[in-house]
Number of protein chains: 2
Amino acid sequence: MHQQAHELTEAAVQTLFVQHHLRFTRQRYAVYRALACEDIHPTADQLYQKLTDNKSGISLATVYNTLEALVKSGLAQKLADGGTSARYDASVDDHLHLRDRATGSLMDVPVNLGKRLLDNLPDNILKEIESELGFSINRVQIELVGEYAGN
Amino acid sequence: MHQQAHELTEAAVQTLFVQHHLRFTRQRYAVYRALACEDIHPTADQLYQKLTDNKSGISLATVYNTLEALVKSGLAQKLADGGTSARYDASVDDHLHLRDRATGSLMDVPVNLGKRLLDNLPDNILKEIESELGFSINRVQIELVGEYAGN
DNA sequence: CCTATACTTGTAATGGTTCTAAGTTAGAAA
DNA sequence: TTTCTAACTTAGAACCATTACAAGTATAGG
């Protein structure tokens with residue numbers, strides 16, 4: 001679920017940053033906005049390209065720095081691509097990804113379906129894993145690997 | 001579940017390779033054996049180090065080539081590390097991973113627990129996702145992200 | 001308005017992975 | 001067994017995503 005997808009005004013994002021102990025800068029605002037309005041899961045370089053097209057005046061190093069800050073503060077997550085470069089997502093909730101074996105591409109499962117699957121995970125077994133292994137689960141990341149019917 | 005974990009004789013692995021249309025070489029045997037008897041999920045370089053210690057006489061390029069061949073043939077899977085380097089696993093079955101947020105380390109959930117969770121996934125919802133999205137699911141990869149109680 | 005601290009930036013360095021081109025080998029066929 | 005060739009191995013170069021660095025700049029608190 002894309003949190004605040006409809007709340008990307010400067011003031012709203014500034015508030016969000018303050019809540020997460022992040023300084024608000026022109027560059028960070030641009031990166032966050034670009035990331036949050038994406039429905040794919042962009043790489044750092046894709047974001048940089050997009051921002052450069054927008055003449056947002058930002059360096060690639062800053063894109064990386066900002067993404068790291070967002071991830072560390074909990075405003076984004078870094079998804080391993082399996083391929084060459086990392087992908088980012090401005091969502092932090094549990095959600096499902098679909099990975100196409102053929103292309104390696106990654107996309108979200110529609111929220112309603114994904115949520116139903118996650119809500120129906122056997123909670124008692126998760127609890128058992130936690131107690132048995134002395135592990136505290138923060139997030140359940142599920143990836144459905146397969147291929148589109150067309151292929 | 002580590003398939004053939006007890007069946008790593010030369011003959012057994014050779015048969016396995018033939019079944020998967022892979023030529024059997026000294027180097028591939030060494031890599032497969034090193035991978036299959038690991039309980040962690042080694043990186044290419046960790047395997048290379050281990051094999052070098054064993055004086056197996058193998059180059060790093062071959063480790064990479066072999067891992068790629070194993071993955072392509074279905075005898076291993078590549079796990080995105082989220083961090084810097086990829087990790088490999090000589091198992092192809094659905095299974096669960098635990099990722100420690102602190103260290104980024106990745107390990108298996110014991111088979112019995114993992115299997116119970118996977119067996120209790122709501123199958124009807126998975127089917128619905130398949131039909132709704134025109135996607136055919138080969139594998140369900142679940143990662144439990146969290147931290148050990150000690151930390 | 002001033003200041004301290006944190007952020008930004010271009011560039012260099014790093015490090016995992018892939019490429020290349022030359023040598024070697026597995027395994028099929030005779 | 002011998003021969004043959006496609007496939008494999010290898011060292012080193014190349015590649016490219018990411019991080020480190022050091023100098024300049026901007027934010028937010030006082």
Side-chain angles (χ1 to χ4, degrees), chain A residues 10-11 13-32 34 41-52 55-73 75-76 78-88 104 106, chain B residues 10-11 13-32 34-35 41-52 55-73 75-88 104 106:
Chain A
E10 190 160 330
V13 175
Q14 184 153 21
T15 303
L16 197 61
F17 279 20
V18 169
Q19 287 168 351
H20 286 79
H21 313 99
L22 281 181
R23 265 198 193 176
F24 184 80
T25 67
R26 176 177 63 78
Q27 293 91 339
R28 288 182 170 181
Y29 177 42
V31 170
Y32 183 77
H41 301 288
T43 62
D45 196 66
Q46 286 172 337
L47 286 169
Y48 175 61
Q49 295 305 332
K50 183 173 171 183
L51 294 169
T52 303
K55 303 201 199 314
S56 293
I58 191 171
S59 78
L60 180 57
T62 299
V63 174
Y64 277 104
N65 290 338
T66 299
L67 289 170
E68 188 188 343
L70 291 174
V71 169
K72 205 186 303 186
S73 76
L75 280 173
K78 185 176 182 177
L79 306 170
D81 186 8
T84 41
S85 44
R87 296 187 167 275
Y88 294 86
L106 196 67
Chain B
E10 188 160 331
V13 175
Q14 184 155 22
T15 303
L16 197 61
F17 278 20
V18 169
Q19 286 168 350
H20 287 78
H21 312 100
L22 279 181
R23 266 198 192 174
F24 183 80
T25 66
R26 175 177 64 79
Q27 293 91 337
R28 288 183 171 179
Y29 177 42
V31 170
Y32 183 76
L35 180 61
H41 300 288
T43 63
D45 196 65
Q46 286 173 337
L47 287 169
Y48 175 60
Q49 295 305 333
K50 183 173 171 182
L51 293 169
T52 303
K55 304 201 198 312
S56 293
I58 192 171
S59 77
L60 180 57
T62 299
V63 174
Y64 276 104
N65 290 339
T66 299
L67 288 170
E68 187 187 343
L70 291 174
V71 169
K72 205 185 305 186
S73 76
L75 280 174
Q77 60 182 302
K78 186 177 184 178
L79 306 170
D81 185 7
T84 41
S85 44
R87 296 187 168 275
Y88 294 86
L106 196 67

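Small disclaimer: the values here were computed from a predicted structure and weren't measured. In what follows, chains are A, B, ... by sequence order, proteins preceding strands, each numbered from 1.
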### Query
Any side-chain heavy-atom pair from B:L22 and B:L70 closer than 4.5 angstrom?
yes
### Task
Could you pull out all residues at least two apart from A:Y29 that satisfy side-chain contact (heavy atoms from CB on, under 4.5 Å)?
A:E10, A:V13, A:F24, A:R33
### Query
Could you state the CD1-P distance from A:I58 to D:dA26, rounded to the nearest angstrom?
14 Å
### Query
Just how far is it from atom OG1 of B:T43 to atom CG of B:L79, taken to the nearest 0.5 Å?
12.0 Å
### Query
Taking all atoms of both residues into account, what is the closest heavy-atom pair of A:H20 and A:L75, and its distance?
CE1-CD2, 3.6 Å
Under 3.5 Å, N/O pairs linking protein and nucleotides 27-30 of chain D:
| unit_1 | atom_1 | unit_2 | atom_2 | d |
| --- | --- | --- | --- | --- |
| D:dT27 | O2 | A:R23 | NH1 | 3.0 |
| D:dT27 | O2 | A:R23 | NH2 | 3.3 |
| D:dA28 | OP1 | A:F24 | N | 3.1 |

### Query
Within this structure, what is the OH-to-P distance between B:Y29 and D:dT9, rounded to whole angstrom?
16 Å
### Query
So which heavy atom on A:V63 is nearest to which on A:A44, and how close?
CG1-O, 3.6 Å
### Task
Check whether any side-chain nitrogen or oxygen of A:Q27 sits under 4.0 Å from OP1 or OP2 of D:dA26, and answer yes or no.
no
### Query
Taking atom CG of B:L35 and atom OH of B:Y88, what is their separation to the nearest 0.5 Å?
10.0 Å
### Task
Considering non-hydrogen atoms only, spot the tightest contact between B:A86 and B:K78 and give its length.
CB-CE, 3.6 Å
### Task
With sequence neighbours left out, write down each residue that passes side-chain contact (heavy atoms from CB on, under 4.5 Å) with A:S56, or none if nothing qualifies.
A:A30, A:L51, A:N54
### Message
The criterion is side-chain contact (heavy atoms from CB on, under 4.5 Å); which residues satisfy it with A:T52, sequence neighbours excluded?
### Response
A:Y48
### Message
I want to check something: taking the side chain as every heavy atom from C-beta on, are B:T25 and B:F17 in contact at a cut-off of under 4.5 Å?
### Response
no
### Query
Reading DNA chain C 5' to 3', which nucleotide is the first, and which the last, to come under 4.0 Å of any heavy atom in chain B?
C:dG16 to C:dG27
### Task
Could you pull out the closest heavy-atom pair between A:H41 and A:Q46, with the gap in Å?
O-OE1, 4.3 Å
Look for any protein N or O under 3.5 Å of an N or O in nucleotides 14-20 of chain D and output each such pair with its distance, or none.
| unit_1 | atom_1 | unit_2 | atom_2 | d |
| --- | --- | --- | --- | --- |
| D:dT18 | OP1 | A:A86 | N | 2.7 |
| D:dT18 | OP2 | A:Y64 | OH | 2.4 |
| D:dT18 | O5' | A:Y64 | OH | 3.3 |

### Message
For the helix from C:dC1-D:dG30 to C:dA30-D:dT1, what angle separates the axis at the start from the axis at the finish, each from five pairs, in steps of 10°?
### Response
50°
### Query
Can you check whether B:R28's main-chain N or O pairs, donor with acceptor, with B:R23's side chain at less than 3.5 Å?
no
### Message
Restricting to side-chain contact (heavy atoms from CB on, under 4.5 Å), what partner residues turn up for A:T62, sequence neighbours left out?
### Response
A:Q27, A:I58, A:S59, A:T66
